[in-house]
Amino acid sequence: MISAYEGDTVASALYASGVRTFSRSFLFHRKRGLLCVSGRCPNCMVTVDGVPNVRACCEPAREGMKVKRQNGWPSTDTDIFSGVQLIERFLPVGFYYKTFINFPTEWANTQPMIRRLTGRGSVKQELARWNAQAASGGHGDRFEKQYLHPDVVVVGGGPAGVFAALAASRAGASAVLVHDQPSLGGHLRFEGDTVDLGSVEGAEEFSGMRGYELAAKLDRLARAEENLRVYDNANAFGLYESNEVGVVQGNKMLKLRAKQLIISTGAGEYLTVFKNNDLPGVLLGSGVRRMLALYGVPPGKNAVVVTNNDSGLSLANALLEAGVKVSAFADARTKVDTSSPRFEALRKSGAILLTGYSIKEAEGGGRVTGATLIRLDENGAATAGTEKSFKCDTICLANGFEPDAALLTQARCRVSYDEALGEFIPSESPASVQTCGDVTGIHDLRCAFLQANIAGLQAASGLASATKAPAGKLNELSASLKSAETAYRDRLASQGPRPIIGIVSEPTDGKGRKPEMNGFACICEDVKEKELAQAVEEGFRDIEILKRYSTLTMGPCEGKMCATPGVGICARETGRSIADAGRTVSRPPYLPVPMGALAGPGLHPVKLTAMHYKHLEAGATLMDMGEWKRPHVYTSVFEEYSAVRTKVGIIDLSTLGRLDVKGRDAPKLLDFIYTHTMSKLQNGKSRYGVICDDAGAILDDGTVTRLGEDHYFITTSTGNIDFVEQWLTWWAVAKKWEAQVTNLTSGFAAVNVAGPRARDLLRTLTDVDLSTEKFPYMASGSGLVAGVPCILLRIGFVGETGWEIHFPAEYGEYFWDRLMEAGRPFGIMPFGVETQRLLRLEKMHVIVSQDTDALSTPYEANMAWVVKLDKEDFVGKAALTFAKDEVPQRRLVGFTVEGEVVPHDGDQAFSPDGSTLIGVVTSCRYSPAAQKPVGLALIRSDLSADGGTFLVASGTSKLNAKITFVPFYDPEGRRLKE
Amino acid sequence: MAATPTPLKLSALHHKHLELKAELLKVDGWMVPDHYPKGPEDEVKAAMTSLAISDRSQLGKLEIKGPGTDSLLQSISSSPGVPGAPGEVLLGPVLSDPALGAAFSPLYLCKLARDQALLVYSGTLPPGPNPMDVALSGRPVERAYATNVTSVYAGINLSGPNAFEILSRLTQVDVSPRSFPSGRCLQAGFANILALLVHVDGRYEGQAVPSYDLFFGREYAEYVWDSIMEAGDDEVGVFPMGISAYNRLHPDAAKTAGRTAGVNR
Ligand code: FES
C-alpha cells in the first residue's frame with residue numbers, strides 16, 4: 001500500500017516511499033532503477049492492473065491501482081535468476097545465431113526455459129481479465145480508432161512544437177499537436193530561469209517570465225486556439241505512406257493524414273557506458289530535473305554530477321536548491337569558464353569541481369554507494385592513475401543529447417552527424433516536412449522560437465485555407481535565425497571540444513592487457529561494451545549489421561539509451577569517425593504499441609434478415625453464413641423434413657443475392673455471362689443459370705427471370721453476390737454494352753413456400769393464379785400476396801411444389817406472420833438450412849462450391865444441359881467446347897451406403913480395393929426417403945460408372961458406396977411440377 | 001383469398017426502438033419512433049450539446065442510372081442547379097409535374113456520379129408492376145433507368161456538434177466540415193461496410209445543427225447503429241432521437257414529411 005500525491009506518477013510515488021529497484025534486467029536479472037524518468041528507457045516497466053510493461057514514470061498514480069514489478073522470481077528484490085550473471089561466458093554476443101545452430105532439437109527443449117528466464121512480464125493475467133470481462137457480457141478492453149486529416153500535424157509538445165502549432169493555426173491551418181506528456185511546454189516546465197527570446201517580432205508575448213510560467217502559458221494558449229487540437233499523453237509511433245502519422249493514446253489509435261508535418265520531437269539524454277553504469281542510483285540529468293521539479297522527489301541525499309555540456313551546471317544547482325549535497329561535479333570540457341555565479345554557488349556548497357574529468361565506474365552492489373572519476377586527455381581518452389573516488393548515493397549523467405530522430409528518418413529527412421554539435425541532425429527535409437527545436441541539434445530557446453515560427457508559417461503557406469504570411473516575414477525570421485544560430489555555435493566552440501560520445505573508454509594500463517569493457521551498452525537486452533567489441537572483431541563492422549547481430553537498439557527503448565553509445569563503440573572499434581560509422585535507421589513502429597490499439601474496435605459487420613426476430617421467436621438455432629445469421633434448425637431436421645414432404649414448409653431465403661439488370665443490351669450481357677441462352681427466355685419465365693470462368697470452371701449458379709424486354713431479375717448464391725455484381729458490371733463496361741446492374745439484395749426479403757399444400761396455403765393469400773396450367777414449374781409472376789407486392793418464382797430446390805417469393809424487406813415480419821397464420825391449418829413449419837440441405841440432396845441438386853470446387857466444369861457436375869455451345873461467344877465457351885468431347889477427369893456422382901454409419905462431408909473416397917484415393921464425399925446425409933445414407937461425391941471419372949462402387953473412409957469405418965445417377969427422391973420430378 | 005389488413009412496414013431498426021421503449025408513430029406506412037422515454041425536449045437538448053441518432057429508413061429513395069440520367073433529372077425537375085455535379089446535394093428540388101408531386105415530395109438529390117443520382121423523398125411513389133419498379137410520369141427518357149431502392153437502404157441520421165467526432169472514428173475518409181461541407185455527399189467505407197454519407201445541416205433557433213444522413217444496406221442496420229453507439233463514450237455521448245425532435249431540428253425535412261396516422265401505443 002503506497003500513498004501518492006495528486007500529479008504523482010507510479011514511479012514518483014514508489015520512489016518517494018523508498019523503492020529503488022523497479023525491475024530486473026532482461027538477461028542477467030540485474031537490479032534496475034529509475035534512469036530517464038521520461039518513458040524512454042526499459043527500467044521502470046511494471047504491470048499495472050494486469051497490463052504488463054507499463055512505464056511507471058509516465059503512468060499517473062490512481063486510487064486503488066495494483067502495481068506489480070515484473071521479471072524476477074520469487075520477487076524483483078530477491079531474484080534467484082540473478083545467478084545468470086555467473087554463466088555469462090556461455091551467453092556470448094550473437095547467442096541466438098550461433099548456440100543452437102547445429103542442434104535444432106536442443107533448441108526446441110531449451111527455448112521454453114529461455115522464455116521462462118527472460119521476457120518482460122506476462123500477458124496471462126491480462127488474458128484472464130479479458131476472458132472474465134467477456135464472460136460477464138462486457139467487451140473486454142475498449143479500443144478506439146480515429147482518423148483525422150488536418151492540414152498540419154505537429155509532433156512534440158515542447159516549446160518549439162507549441163510555437164510552431166500556434167504559428168500554423170494562427171495562419172489559418174487546421175492543426176493537430178500530439179505529445180507524450182500530460183501538459184505542454186517540455187523542459188520549460190521545470191526551468192526556473194527567466195526566458196529571453198530576444199527582440200524578434202512576436203517574441204515579446206513570451207519573454208520576461210520564468211520557464212515554468214511560459215510553459216503554463218503555452219499550454220493555455222494552445223488549448224484555447226480554435227484551429228488546434230492537442231492530444232496529451234499520445235505517442236506518435238511511426239510515419240507511413242502519404243504523411244500518415246500513427247499515434248497511440250492509451251487504448252486509442254489516431255491516424256493522422258497530414259498535409260504538412262512539423263517534427264519537434266526534441267532531444268533526449270542517453271546512457272553513458274562505464275563500469276556498473278546500470279546500478280540503481282545512476283540517473284540521467286534530465287530525469288533528475290523532472291523528479292525535482294514535477295514531483296518534488298529528490299533522487300538521493302548525496303550526488304555526483306557528471307557532464308559535458310551546460311545542462312550539468314543547472315542540474316547541479318537544482319540539486320543544491322532541493323537540499324541534495326553535491327560531492328563532486330565533473331565536466332569533461334577543459335575550457336569552461338568556472339567563474340560564473342552558479343559555479344560559485346557549487347563551490348560554496350563544498351562540491352569538488354573537476355574540469356576535464358568524467359566517470360570511470362559506479363561503485364556499489366545493489367545500488368550506488370560511490371563514484372570513481374577519471375581525467376581525460378585532449379583526445380577524450382581516460383588517463384590511468386588519475387582516478388578520484390567519492391561517496392554518493394546518486395550519480396547524475398548529463399553527457400549530451402540525441403535528437404529524437406526516428407520520425408525524421410521515416411519522413412525521409414537526411415540525418416547526418418554535425419561534428420561541432422556532436423549530434424546527428426536533420427540536414428535535408430522533403431517539402432512536406434519541417435523541423436524545429438532541440439531535434440535540430442540546437443539547444444537554444446531563441447533559435448527554437450524562430451525555427452518554430454518559420455516551420456509553422458511555411459507549413460501553412462501552401463494551403464488554400466491559410467492566410468498568406470506577409471511578404472518578407474519569412475525572410476526576416478530566417479535572417480534572425482541565422483544570426484542566433486551562429487551565436488549559439490560560436491559559444492559552443494569557445495568551450496573547447498566535448499569528448500565522450502556515449503562512452504568513457506577505459507584507460508589502457510600500458511602492459512597490453514585488454515580493458516574489461518564491462519559497462520552496459522544496451523540495458524534493454526543486457527549487451528555489454530565488450531560484446532560489441534567482440535562482434536566487430538568477428539566482422540560485424542557495419543552499424544546496421546552490428547545491430548542485428550548484437551540486438552543493440554532492438555529492445556523496448558528502441559535505441560534511445562543505446563544508439564549513440566553503440567555508434568561511439570562501433571566507431572572506436574572500427575577506427576572510423578562517428579560520421580562514418582553512421583546510425584541505424586528507425587522503422588515504424590518505433591515505440592511499443594498495444595496490439596488492441598492496432599486492431600481497433602471489433603467492427604465485424606453482421607447482416608440480419610428482415611425476419612430475424614421471427615426466427616428467434618420460433619426458437620431457431622442460428623448459424624453464420626458469411627456475415628449473415630441464418631436459422632440452422634428450428635425444432636428438428638426430421639420434423640421439418642416431414643412437414644415439407646407431407647404438408648408445407650417455409651424457409652427464409654432473404655440472404656440470396658439479387659440483381660436487377662436493365663438496359664437495351666441486358667439480354668446480350670446475360671447471354672455472354674451465363675452458359676445458358678437468356679435472350680430467348682420468355683417474359684415471365686425463369687431459368688436456372690450457371691456462370692463459368694474462362695477455363696470453364698463453375699463460378700456461381702442461380703436463377704434468371706425475365707421481367708420485361710430489357711429487364712431481368714437475377715438471384716445468386718448467398719456468398720457470391722458481390723462477385724457476380726462486379727462480374728456483370730465489369731463485362732458491361734468492357735463490352736461497352738448498355739446494361740445497368742443494381743444490387744437489390746438488401747431490398748428484398750424472400751421465402752420459399754414448399755410442400756404438397758403450398759398451393760392451397762398461398763391461394764388463401766393471393767389472387768395470382770397458381771394453377772399448374774397458368775403457373776407451371778419455372779414460371780414467374782408478380783402480384784400481391786397478403787397485400788404485399790411480390791415477385792413469385794416457381795422453383796423447386798427442395799423437390800416439392802413451391803414458390804420462391806421475393807418482396808420488399810420492410811414487410812418481412814408482417815409477411816412471415818401472415819404466412820404462418822394462414823399455414824397453421826395446413827400444418828406449416830419453418831425449416832432451416834440443415835433441413836434444406838437434406839431435402840435438396842435427396843433430389844441430387846448441387847450446391848455450387850460445396851459439391852463443386854474451383855476447377856469443376858458443368859460437365860463434371862453432370863450439368864451438360866446448362867451449356868449452350870450453339871450461341872455466340874460467352875465466357876468459358878472455348879474451354880467448354882474443348883471439354884465437351886473430352887472425358888472429364890472427375891465426375892460428380894450420387895451414392896448410397898448400407899448400414900447405420902453416415903459418412904461426413906469431406907470424407908475421402910478410395911478405389912474399390914482401397915488402394916487408391918479417388919476423390920471426396922462432398923455431401924452426405926441420412927435420407928428418410930431412401931431409408932439409408934445418400935450423398936454426392938466428386939471422384940475420378942474412370943471409376944464413376946453407374947452402378948459401380950467405391951470405398952468411403954469415414955472415421956475408422958470403410959464403407960461400401962454404390963454409385964447412382966438417379967435422384968433419391970421423386971426421380972421423375974413429378975411432385976416438383978404438380 | 002381472404003381480405004388482408006394493410007401491410008405494416010418495419011424499419012430494420014424496429015427491434016432497437018422496441019428495446020429502447022420508443023413511442024411509435026406511423027409515417028408513410030412505416031412504424032417510426034416519435035420519441036424515446038426521455039421525451040423530445042431532452043432529445044433536442046442532446047442533439048444541441050452532443051449527438052443524436054435517428055432512424056431515417058422510412059425515407060423514399062429513387063436511384064437513377066445510365067447515360068440519360070441528367071436528361072431524366074431535368075425532365076422531372078426544373079429547379080436551378082439540377083442535375084448538379086458529382087458529390088453535390090441539391091436541396092428540395094421542385095418537381096415539374098404537379099401530378100407526381102401529389103405522391104411524393106423530394107427532400108434532396110444526391111448526384112453520386114456523372115451518370116448516377118439518388119433522389120431522397122418522403123411519401124410514396126406509385127408502384128410499377130414489380131416491387132422495385134417506379135412509375136415516373138412524363139415521357140420516358142432514353143437510356144435512363146430508375147429503380148426504387150427505398151427498401152435497399154436503411155438510413156440513420158446523426159445530428160449535433162459531435163457528429164464529426166463520431167464519424168471520424170468510423171470512417172477513414174476526410175469528413176471534416178472543411179473538406180466535406182454541408183451540401184455534399186460521398187460514398188465511403190464506414191464501420192467496415194460501404195455507406196453513402198450526406199451532409200445537410202439542420203437549423204434550430206437560428207443556429208446551424210451539423211447533420212449527416214447515412215444510407216447503407218438494410219441488413220447492416222443494427223450493426224451500424226451499435227457501432228455508432230459504441231463509438232460514443234463519456235465525453236461524446238450518443239443519444240437516440242425520435243422523429244418529433246428530429247423535425248424540430250430539421251424544419252425543411254419536417255415540411256415535407258407526411259404524417260399519416262396517430263401514435264401507435
Ligand atoms: S525511468 Fe521510466 S522509462 Fe526510464
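Quick caveat: nothing in here was measured; it's all calculated off a predicted structure. Because only heavy atoms are used, hydrogens play no part in the values below, and waters and symmetry mates are left out as well, while side chains stay in.
More than 12 non-hydrogen atoms from other residues, nucleotides or ligands lie less than 6.0 angstrom from CZ of Arg223(A).
Rounding to the nearest 0.5 angstrom, the gap separating the OG1 atom in Thr147(B) from the CG atom in Asn743(A) is 11.5 Å. Here the OG1 atom belonging to Thr742(A) is positioned 3.0 Å from the NZ atom belonging to Lys65(B), to the nearest 0.5 angstrom. To the nearest 0.5 Å, the span separating CG on Leu148(A) from CZ on Phe164(B) amounts to 5.0 Å. Atom CD in Gln740(A) sits 8.5 Å away from atom CD in Glu63(B) (nearest 0.5 Å). To the nearest 0.5 Å, atoms CG (Leu608(A)) and CD (Glu222(B)) are separated by 5.0 Å. Atom CD of residue Glu230(B) and atom CG of residue Leu603(A) lie 8.0 Å apart, to the nearest 0.5 angstrom.
Residue Gly787(A) comes nearest to Pro7(B) through the heavy atom pair O-CG, 3.3 Å, listed as atom of the first residue, atom of the second, then distance. The two atoms that bring Ser746(A) and Gly217(B) nearest to each other are OG-CA, 3.7 Å, heavy atoms only. Contact record, Arg178(B) with Ala173(A): NH2-C, 4.2 Å, taken as the closest heavy-atom pair. The shortest non-hydrogen separation linking Ser151(B) to Ala809(A) is CB-N, 4.1 Å.
Looking at Pro808(A), both its backbone and its side chain come within 4.5 Å of chain B, counting heavy atoms on both sides. Interface residue Val741(A): only backbone heavy atoms are found under 4.5 Å from chain B. Contacts of Ala221(B) with chain A are absent, with no heavy-atom separation under 4.5 Å from either backbone or side chain. Only the backbone of Val173(B) comes within contact range of chain A, judged by heavy atoms closer than 4.5 Å. Neither the backbone nor the side chain of His612(A) comes within less than 4.5 Å of any heavy atom of chain B. Looking at Arg257(A), neither its backbone nor its side chain comes within 4.5 Å of chain B, counting heavy atoms on both sides. Using a 4.5 Å cut-off between heavy atoms, Glu165(B) touches chain A through backbone and side chain atoms alike. In this structure, chain B has a heavy atom under 4.5 Å from the side chain of Arg229(A), while its backbone stays farther away.
In terms of modelled atom types and a separation under 3.5 Å, the side chain of Lys662(A) and the main chain of Ala146(B) share a donor-acceptor contact. Judged by distance alone, the side chain of Lys145(A) and the main-chain N or O of Thr171(B) form no donor-acceptor pair under 3.5 Å. In this structure, the side chain of His149(A) engages the main chain of Gln172(B) through a donor-acceptor pair within 3.5 Å.
With 3.5 Å as the limit, one finds a donor-acceptor pair spanning the side chains of Glu813(A) and His15(B). Side chains of Glu627(A) and Tyr220(B): a donor on one and an acceptor on the other come within 3.5 Å.
Note on Glu235(B) versus Lys252(A): no salt bridge recorded, every NZ/NE/NH1/NH2 to OD/OE distance being 4.0 Å or above.
Between chain B and the options Trp628(A), Phe713(A), Phe807(A), Phe815(A), heavy-atom pairs under 4.5 Å are most frequent for Trp628(A). With chain A as partner, the option from Tyr223(B), Phe216(B), Trp30(B), Tyr145(B) having the largest number of non-hydrogen pairs under 4.5 angstrom is Tyr223(B). Ranking Ser176(B), Ser11(B), Ser227(B), Ala191(B) against chain A, the residue ahead of the rest is Ala191(B), based on heavy-atom pairs under 4.5 Å.
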